[in-house]
Amino acid sequence: MKISKTKLFTISIIMIVAIILVIPTFLTEEQRLHLPEYMQDSEISLGLDLKGGAYILLEADIDGVIKERYTMLKDTLRKELRGDKSNNQKMIPYSNLTGVANSVSVVIKNSDDIAEAKKRIKNATSNEVEIDTTDNKLKIYYSSEAISKIKTDVLSNSIEIVRRRVDSLGNKEPSIQKQGENRIMVQLPGVDNPDRVKELIGKTAKMTFHEVDEEAMQTGHISIDSEVIDGIVIKKKIAVNGDTLTDSRVAYDRNGRPAVTTTFNTVGAKSFAKLTEDNVGKRFAIVLDGRVLSAPVIQEAITGGYGQITGSFTTQQANDLSTMLRSGALPTELTVVEERTVGAGLGADSIHKGSFASILGLIIVLVFMVLTYGVLGIFSDIVLIFNIILIFAGLALTGATLTLPGIAGIALNIGMAVDANILIFERMREEARNGMSAIKSIESGFANALSAIMDSNITTLASGLILFQFGTGSIKGFAVTLIMGIIASLFTNITCLKFIMELWAKTGKTKKVDL
């Protein structure tokens, strides 16, 4: 039997790196400052149930988005049926253009125009709609695939924007996940006051710029193209869309009061320049989430794509507004449907009890293996400790969050890891009873037990992956440590344990496995 130097080197490097990754977790913050810089950030992230913090469950108004899409679809139909005069496209006579919650209908006056109307509608909507025809009446509605895509896009975009806003608060290790078809779960370890967080992430932050209808303000006669918001009559047509914003920062005006700067992209800069050039001396309204934020008078044309919003802002309000504008507008309103705060004391108690249970279980297993298998039990205990170190190293390396169910997963893995050792040792016992030497018993024991070990671990790994993929919250936390434990067990039981036993047999001090 030859001892592989490559295997010795590989195992040694893996264990040294694992120990380096784990060390910062068990030091205080002050002690971590004395470590090399590359080690300071490898601390294991603790979940909400261990560290304490805020839990917020948000619900996205998907139905509102779909309703808005149908309103837009109605406008698209009107435009397409009227035709594009610049391209000499004829108008298709129609009547009774109406929209409801889940469809838009229109009557085409001439039957000969139905095919052309369908073609224009399909092209304008990128074939996302279905069209039913009854006589001359067309019923247009989004296909099930299009509706599914709308729902997916709205929720994924909302999650991304919520993540940006949370990151701007400087919160470490936030957990932001999709829950069901229309909900977002936000876990913020270490946050004990979720009010500001709710205010920041729950606002849509949809900003638009409109001309103020000065004539309507003076006469009191409001046309169909205008509307009243917060006592100001504005034109419904959006002059500049907030989607064209590329940056927003906090600044201070000439009087030292907090203000918010806006920077537009090329499209937004052109629109903003036209708005200010055409309305010098007039007001324009800045509308945020259906409220008029301010309605300043345009002193001069602004052509650089840069603007400033002033008002009665506190420094925090200016910071929050710039954060929301910078991270982008939410595609729909998010409503808080559940919230709770977990105290740090409760988290500390969970860590204490979970750690106590895991350590007690580990001690019992270690003692059992020594009493049952003697020196082989000692080898088993060594690789079991390696196994636990690798799990913690995996959590630190991947940035995965350790939760209370995750501690349960580690405790379960302790028993599962030893189970593989027992299979190997029992096979070795059988071979030793048949008169095999120590070296042959080791080789035969590992070879005969390998298939059973692989089968049990692979099936458990498959279950863990399913839990991780489809589970949320505590279920996913359990799955994380379960998966890492299985991977670590396969390495330590098949590679490390065999190598240690080969070294033991190579010394020649034992000719036969003593079981």
Side-chain angles (χ1 to χ4, degrees), residues 59-158 180-183 204 206 208 210-211 213 216 221-229 233-239 241-243 287 289-290 329-335:
E59 186 173 83
D61 183 16
I62 304 291
D63 292 338
V65 173
I66 294 174
K67 184 179 179 181
E68 185 178 341
R69 291 295 181 92
Y70 274 110
T71 300
M72 295 168 61
L73 178 61
K74 183 180 175 182
D75 294 336
T76 300
L77 260 63
R78 181 182 292 109
K79 179 182 177 182
E80 292 301 318
L81 294 175
R82 286 179 177 176
D84 186 356
K85 293 181 180 179
S86 62
N87 291 328
N88 296 321
Q89 192 177 54
K90 74 168 188 175
M91 175 180 177
I92 297 177
Y94 67 92
S95 64
N96 298 333
L97 177 59
T98 57
V100 292
N102 54 6
S103 67
V104 177
S105 62
V106 64
V107 175
I108 305 300
K109 292 185 177 180
N110 300 322
S111 300
D112 295 339
D113 292 331
I114 291 178
E116 176 63 19
K118 286 184 175 181
K119 181 181 177 181
R120 291 187 190 179
I121 294 168
K122 285 282 189 178
N123 289 337
T125 59
S126 302
N127 292 315
E128 290 185 333
V129 299
E130 302 287 346
I131 303 175
D132 293 341
T133 307
T134 305
D135 296 328
N136 283 26
K137 184 177 182 180
L138 304 183
K139 180 182 178 182
I140 304 99
Y141 54 93
Y142 283 103
S143 64
S144 56
E145 293 82 5
I147 292 293
S148 178
K149 186 177 184 301
I150 290 171
K151 291 180 178 180
T152 301
D153 289 347
V154 167
L155 204 58
S156 60
N157 290 341
S158 297
E181 290 188 350
N182 64 340
R183 290 186 172 184
T204 310
K206 185 175 183 179
T208 53
H210 301 255
E211 294 180 32
D213 192 338
H221 177 70
I222 303 172
S223 69
I224 193 173
D225 296 323
S226 299
E227 62 180 332
V228 181
I229 299 180
V233 183
I234 66 170
K235 295 182 179 180
K236 292 180 180 179
K237 182 181 178 182
I238 298 174
N241 200 315
D243 293 343
V287 180
D289 291 344
L330 286 168
T332 186
E333 182 181 357
L334 297 179
T335 305

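Because only heavy atoms are used, hydrogens play no part in the values below, and waters and symmetry mates are left out as well, while side chains stay in.
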From [X] [atom1] over to [Y] [atom2], what is the distance, rounded to the nearest 0.5 angstrom?
X	Y	atom1	atom2	answer
N136	N110	CG	CG	8.0 Å
T76	R69	OG1	CZ	10.5 Å
I140	E128	CD1	CD	14.5 Å
T152	E181	OG1	CD	8.5 Å
S143	E145	OG	CD	4.5 Å
T125	E80	OG1	CD	9.0 Å

Q: Could you tell me whether a side-chain N or O of S158 sits under 3.5 Å from a main-chain N or O of V154, the two making a donor and an acceptor?
A: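 Between the backbone of V154 and the side chain of S158 there is a qualifying donor-acceptor contact (under 3.5 Å).
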I want to check something: taking the side chain as every heavy atom from C-beta on, are [X] and [Y] in contact at a cut-off of under 4.5 Å?
X	Y	value
K235	D225	no
E227	I222	no
L73	Y142	yes
H210	I229	no
K118	L138	yes

Please report the shortest heavy-atom distance between [X] and [Y], naming the atom on each side.
X	Y	answer
T332	A60	CG2-CB, 3.9 Å
S226	K236	O-CE, 3.4 Å
D135	T133	O-CG2, 3.4 Å
R120	L81	NH1-O, 3.9 Å

Q | N182 and K151: CA distance, side-chain angles, deciding distance, side-chain contact (heavy atoms from CB on, under 4.5 Å) verdict | A | CA-CA 8 Å; N182 64 340; K151 291 180 178 180; over 6 Å; no
**Q.** Qualifying residue for side-chain contact (heavy atoms from CB on, under 4.5 Å) with Y141, from V104, I147, D132
**A.**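 Looking at V104, I147, D132, the match for Y141 under the side-chain contact (heavy atoms from CB on, under 4.5 Å) is D132.
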Q | side-chain contact (heavy atoms from CB on, under 4.5 Å) assessment of K119 paired with K122 | A | CA-CA 5 Å; K119 181 181 177 181; K122 285 282 189 178; 5.9 Å; no
Q) Taking only residues at least two apart or on different chains, which pairs with a member in residues 93-103 satisfy side-chain hydrogen bond (donor to acceptor under 3.5 Å, both in side chains)? A)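 Those involving residues 93-103 are T98-S105.
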**Q.** Intermediate values then yes/no, side-chain contact (heavy atoms from CB on, under 4.5 Å), V106 and R78
**A.** CA-CA 9 Å; V106 64; R78 181 182 292 109; over 6 Å; no
Q | Whether over 12 other heavy atoms sit under 6.0 Å from M72 CE | A | no
